[in-house]
Novice: 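I have a structure I would like to understand better, so I am pasting it below and will then ask my questions one at a time.
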Number of protein chains: 2
Amino acid sequence: MIDRSSGVPAYRQVAADLREKIKSGNLSPGTQLPSERELVESYGVSRVTVRDAVGLLRSEGVVTVEHGRGVFVRPPTTVQRLSRSRLSRAARDANQGMFLGDAAQGGFTPSVTVRIRFEPADEATAQSLEIEDGTEVTVRDRVMRADGLPVQLAISRLPRDVTRQAPAVEQVETGQGGAYARLEEAGFRLGHFNETVTARMPTPDEASLLQLASGVPVIVVTRIAYTVDGKPVEVNDMILSADRYELSYDIPAE
Amino acid sequence: MIDRSSGVPAYRQVAADLREKIKSGNLSPGTQLPSERELVESYGVSRVTVRDAVGLLRSEGVVTVEHGRGVFVRPPTTVQRLSRSRLSRAARDANQGMFLGDAAQGGFTPSVTVRIRFEPADEATAQSLEIEDGTEVTVRDRVMRADGLPVQLAISRLPRDVTRQAPAVEQVETGQGGAYARLEEAGFRLGHFNETVTARMPTPDEASLLQLASGVPVIVVTRIAYTVDGKPVEVNDMILSADRYELSYDIPAE
DNA sequence: AAGTGGTCTAGACCACTAA
DNA sequence: TAGTGGTCTAGACCACTTG
């Protein structure tokens, strides 16, 4: 099975063979692969080599490994699509925070854990909010769960000056329409949002919090909310599991 | 250095120690780490264990490894920010294709390799373009390079029916304003774009084409261009290196 | 030539899962 | 209890980079 003279490392040949069997449907989604010891037999390589091969497929997100159970072909994951039209005032008003609106659309039972704290702004926050370094900010640190499974982390920071005028934002429960509604009631009429999107591998903390399979990156979204006057009032850093989310944006051609 | 009784695997302890030294600035960006054999000595573990530790840091994107040279603390990468306002008609008209416009902003020397082919639409393409499965589409397959380095892959598909009316789109060189300008000249006035964004680990092909360091995911953007009548005329699948790109979107609050 | 990481072996024991 | 993956060892040879 393995061509020793080809110059291609044995573990890559094993990985390529398994990958091929998966792609061709020979091993269908959810199916268990032969155990590592069986693969050792059938390919005639050492266990370390088999593990390197499986590790490669893992890092590609092709298989998942469950300790004590086995290696399985990863089934295609269900994506939750986040359309940015949900930032419209109407959509915001309809729901108690945006995540609960997503839940209504996505058909899952949402739960959110919120922790509030106050701290001096670090450099990045200060720059985003256009305030002095070290100015006090209100931090809303949230873990969003779908059917009990953590799927999203979000940390919002707002100048304390702003939240003092909208005290509900300093509370865990912000009520109908969420924090944005409270801000608007306090006179901070929102004009537009800017979202920057990138991706990276999770930190170990994020991986365990979001229960990420290895080989799954996170999508990092930084949203800044601006008032109609162009003053930034909130910066929200969101961490999403890349295999569970897809973002959707509409852009006019003009 | 390693606590054998803690229950934490040795390779994780080694990784944690190195990560800490990097975060604290004790090992600054670009610095070479001690060689694997030196780490074997200093931590009193086997080489495999050291390699597992380094592999973990690699997969987190914390270090890069160069065969024959050593392991280095990964310097923060320069990000190219793609603002979606560049899809405005004015921005499109100003440049010969969007990537060349990005280059002007980013200050790098761009080059693009384009291959044109014609093929029947697969299921996903057909759905995006709202055409029958198997209808002939024009495929523009592109590799974009910045200063010679491949940084972006893009595959556009348009119904052949459409490109026959804008023959320049079936050519490698589309001229001033790029393919979108030719489409508009042919009467396909563009109304809006929709972009869906997600991320995943690269396939081996993508990794080698984009020369991705291991542990760097790709951002996958699918853009569909619609005419003012709401007819989709192009679906463009873009693959971006996540450590080199950041996307930026503006969203009105209304 | 010397030093670096890349691959590989044969075997051991541990931790988790399921019957 | 048996089977799975997780961790680890001590050592070997290869491929790449640099002086």
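Computed from heavy atoms alone, side chains included, the values below leave out hydrogens, waters and symmetry copies. Every chain is numbered from 1 and lettered A, B, ... according to where its sequence line falls, protein lines coming before strand lines.
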Novice: Taking only side-chain nitrogens and oxygens of A/S46, does any of them come within less than 4.0 Å of OP1 or OP2 of C/dA10?
Specialist: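 The answer is no; no side-chain N or O of A/S46 sits under 4.0 Å from OP1 or OP2.
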Novice: Yes or no on side chain to side chain contact (heavy atoms under 4.5 Å, CB included) for A/V65 and A/V54, after CA distance, side-chain angles and deciding distance?
Specialist: CA-CA 9 Å; A/V65 178; A/V54 173; 4.1 Å; yes
Novice: Without decimals, in angstroms, what is the distance between A/E38 CD and D/dA2 C1'?
Specialist: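 About 13 Å, once rounded to whole Å.
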Novice: Should we count CD of A/E66 as having more than 12 external heavy atoms under 6.0 Å?
Specialist: yes
Novice: Just N and O in the side chain of B/S35: are any of them under 4.0 Å from OP1 or OP2 of C/dT4?
Specialist: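 It does, given that an N or O in the side chain of B/S35 lies less than 4.0 Å from OP1 or OP2 of C/dT4.
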Novice: Between C/dT4, D/dA10, D/dG5, spot the one nearest the side chain of B/V48, thanks.
Specialist: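 For the B/V48 side chain, the nearest candidate turns out to be D/dA10.
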Novice: Rounded off to whole Å, could you give me the CZ-to-C1' distance for the A/R51 and D/dT4 pair?
Specialist: 11 Å
Novice: In this structure, how many angstroms lie between the P atom of C/dG3 and the CD atom of B/E41, rounded?
Specialist: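 My rounded result for the distance is 14 Å.
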Novice: What contact category does B/V45 fall into here, base, sugar-phosphate, or nothing, at under 4.0 angstrom with non-hydrogen atoms?
Specialist: sugar-phosphate
Novice: Select from B/G44 and B/R47 the residue whose nearest nucleotide in DNA chain D is closer to the 5' end of that strand.
Specialist: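 The residue closer to the strand's 5' end, by nearest nucleotide, is B/G44.
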Novice: Tell me if the CD atom of A/Q32 is crowded by more than 12 foreign heavy atoms within 6.0 Å.
Specialist: yes
Novice: Below 4.5 Å, heavy atoms only, C-beta onward: do B/N194 and A/Y249 meet side chain to side chain?
Specialist: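 No, every pair of side-chain atoms sits at 4.5 Å or beyond.
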Novice: Would you mind classifying the nucleic acid contact of A/V71 as base, sugar-phosphate or nothing, using non-hydrogen atoms under 4.0 angstrom?
Specialist: sugar-phosphate
Novice: Under the criterion side chain to side chain contact (heavy atoms under 4.5 Å, CB included), I'd like the reasoning laid out for B/V235 against B/L158: C-alpha separation, chi angles, the key distance, then a yes or no.
Specialist: CA-CA 7 Å; B/V235 52; B/L158 307 90; over 6 Å; no
Novice: Can you list, by residue number, the residues of residues 56-70 of chain A that have a non-hydrogen atom closer than 4.0 angstrom to DNA chain C?
Specialist: A/H67, A/G68, A/R69
Novice: Is B/T49 close enough to D/dT7 that one of its side-chain N or O atoms is under 4.0 Å from OP1 or OP2 there?
Specialist: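 It does not, given that no N or O in the side chain of B/T49 lies less than 4.0 Å from OP1 or OP2 of D/dT7.
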Novice: Figure out the CD/C1' separation between B/E36 and D/dG11, and round it to whole Å.
Specialist: 15 Å
Novice: Nearest nucleotide by nearest heavy atom, which residue falls closer to the 5' end of DNA chain C, B/Q32 or A/D52?
Specialist: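 Its nucleotide being nearer the 5' end, the pick is B/Q32.
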Novice: Show, in sequence, the C-alpha distance, side-chain angles and deciding distance for A/D122 and A/T125, and conclude whether the side-chain hydrogen bond (donor to acceptor under 3.5 Å, both in side chains) test is met.
Specialist: CA-CA 5 Å; A/D122 61 25; A/T125 304; 2.7 Å; yes
Novice: Please determine if B/R157 and B/E234 form a salt bridge, counting it only when a charged side-chain N lies under 4.0 Å from a carboxylate O.
Specialist: no
Novice: Could you tell me how far apart A/R37 (CZ) and D/dT7 (C1') are, to the nearest whole angstrom?
Specialist: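 Spelled out: CZ on A/R37 to C1' on D/dT7 is 12 Å.
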Novice: Determine whether B/V50 and B/V45 make a side-chain contact, defined as any pair of heavy atoms from C-beta on separated by less than 4.5 Å.
Specialist: yes
Novice: What is the distance from CG of A/L39 to C1' of D/dG5, rounded to the nearest Å?
Specialist: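 That distance rounds to 12 Å.
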Novice: Salt bridge or not between A/D243 and A/R74? Use side-chain N to carboxylate O under 4.0 Å.
Specialist: yes
Novice: Scan residues 2-14 of chain B against DNA chain C and write down, sorted by residue number, each residue with any heavy atom closer than 4.0 Å; if none is found, say none.
Specialist: none
